Amino acid sequence: MTSEPRSPPVVPPLHSPKSPVWPTFPFHREGSRVWERGGISSRDLPSPLPTKRTRTYSATARASAGPVFKGVCKQFSRSQGHGFITPENGSEDIFVHVSDIEGEYVPVEGDEVTYKMCPIPPKNQKFQAVEVVLTQLAPHTPHETWSGQVVGS
């Protein structure tokens with residue numbers, strides 16, 4: 001029972017990358033030539049609007065504690081991920097993001113909804129609808145579920 005001394009395992013040395021790495025966070029400067037070459041399109045830029053995922057806890061808490069409003073879906077584009085609600089009181093249309101819609105149906109024009117409001121930074125002069133719930137589907141209009149199934153109402 002002789003035990004021979006074991007040598008430590010051979011670990012390959014670390015090498016630095018051969019090409020330089022340039023930071024691109026959050027995106028290239030407006031004055032850079034990347035825009036002219038078409039390296040970045042405008043749809044690759046981060047949205048300035050707070051989604052359910054990026055909204056701060058305090059903004060979410062304030063919106064949740066606020067009153068519930070009623071309105072009608074004016075327009076909603078599933079492919080673009082947003083739309084607008086016309087408030088029941090007739091004031092200015094309110095923006096709604098796809099992440100703030102609760103329920104199984106994609107809103108269409110004429111759907112009655114309830115929602116709460118959250119200010120849009122940085123100036124907090126405009127509002128967006130949050131916690132949007134479809135209360136009455138528009139009659140005689142086909143509705144689509146988020147999974148893609150079309151259902152007649």
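Just so you know, residue 1 is the first one in the sequence shown, and it goes up from there. Worth knowing before you read on, the calculation uses all heavy atoms, side chains too, and leaves out hydrogens, waters and symmetry mates. Only a predicted model underlies this, so the values are computations on that prediction, with no experimental measurement involved.
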Taking all non-hydrogen atoms of both residues into account, name the closest pair between P142 and V108 and its distance.
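What the structure gives for the nearest pair is O-CG1, 4.2 Å.
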Non-hydrogen atoms of A138 and H143 that approach each other most closely
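That closest heavy-atom pairing would be O-CE1, 3.5 Å.
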Would I120 and F127 satisfy side chain to side chain contact (heavy atoms under 4.5 Å, CB included), going step by step from the backbone distance to the final call?
CA-CA 5 Å; I120 299 175; F127 293 90; 5.7 Å; no
Gap between atom [atom2] of [Y] and atom [atom1] of [X] - 0.5 Å precision:
{"X": "D111", "Y": "T141", "atom1": "CG", "atom2": "OG1", "answer": "7.5 Å"}
{"X": "I85", "Y": "Q75", "atom1": "CD1", "atom2": "CD", "answer": "11.0 Å"}
{"X": "L134", "Y": "I101", "atom1": "CG", "atom2": "CD1", "answer": "7.5 Å"}
{"X": "E112", "Y": "C73", "atom1": "CD", "atom2": "SG", "answer": "11.5 Å"}

Is the shortest side-chain heavy-atom distance between [X] and [Y] below 4.5 Å?
{"X": "V151", "Y": "E144", "answer": "no"}
{"X": "V113", "Y": "K70", "answer": "no"}
{"X": "F76", "Y": "V106", "answer": "yes"}
{"X": "E88", "Y": "F69", "answer": "no"}
{"X": "R78", "Y": "W146", "answer": "yes"}
{"X": "I94", "Y": "Y115", "answer": "yes"}

side-chain contact (heavy atoms from CB on, under 4.5 Å) with E109: which residues, sequence neighbours excluded?
none
So Q128 and D100, side-chain hydrogen bond (donor to acceptor under 3.5 Å, both in side chains) or not? Walk me through it.
CA-CA 9 Å; Q128 79 179 64; D100 291 309; 3.1 Å; yes
Classify the ring geometry between H82 and F84 as parallel (under 30°), tilted (30 to 60°) or perpendicular (over 60°).
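Rings of H82 and F84: perpendicular, over 60°.
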When you look at M117 and V130, which way does the side chain to side chain contact (heavy atoms under 4.5 Å, CB included) test go after all the steps?
CA-CA 6 Å; M117 292 198 319; V130 297; over 6 Å; no
Shared hydrophobic cluster, V72 / F95 (ILVMFWY, side-chain heavy atoms < 4.5 Å)
no
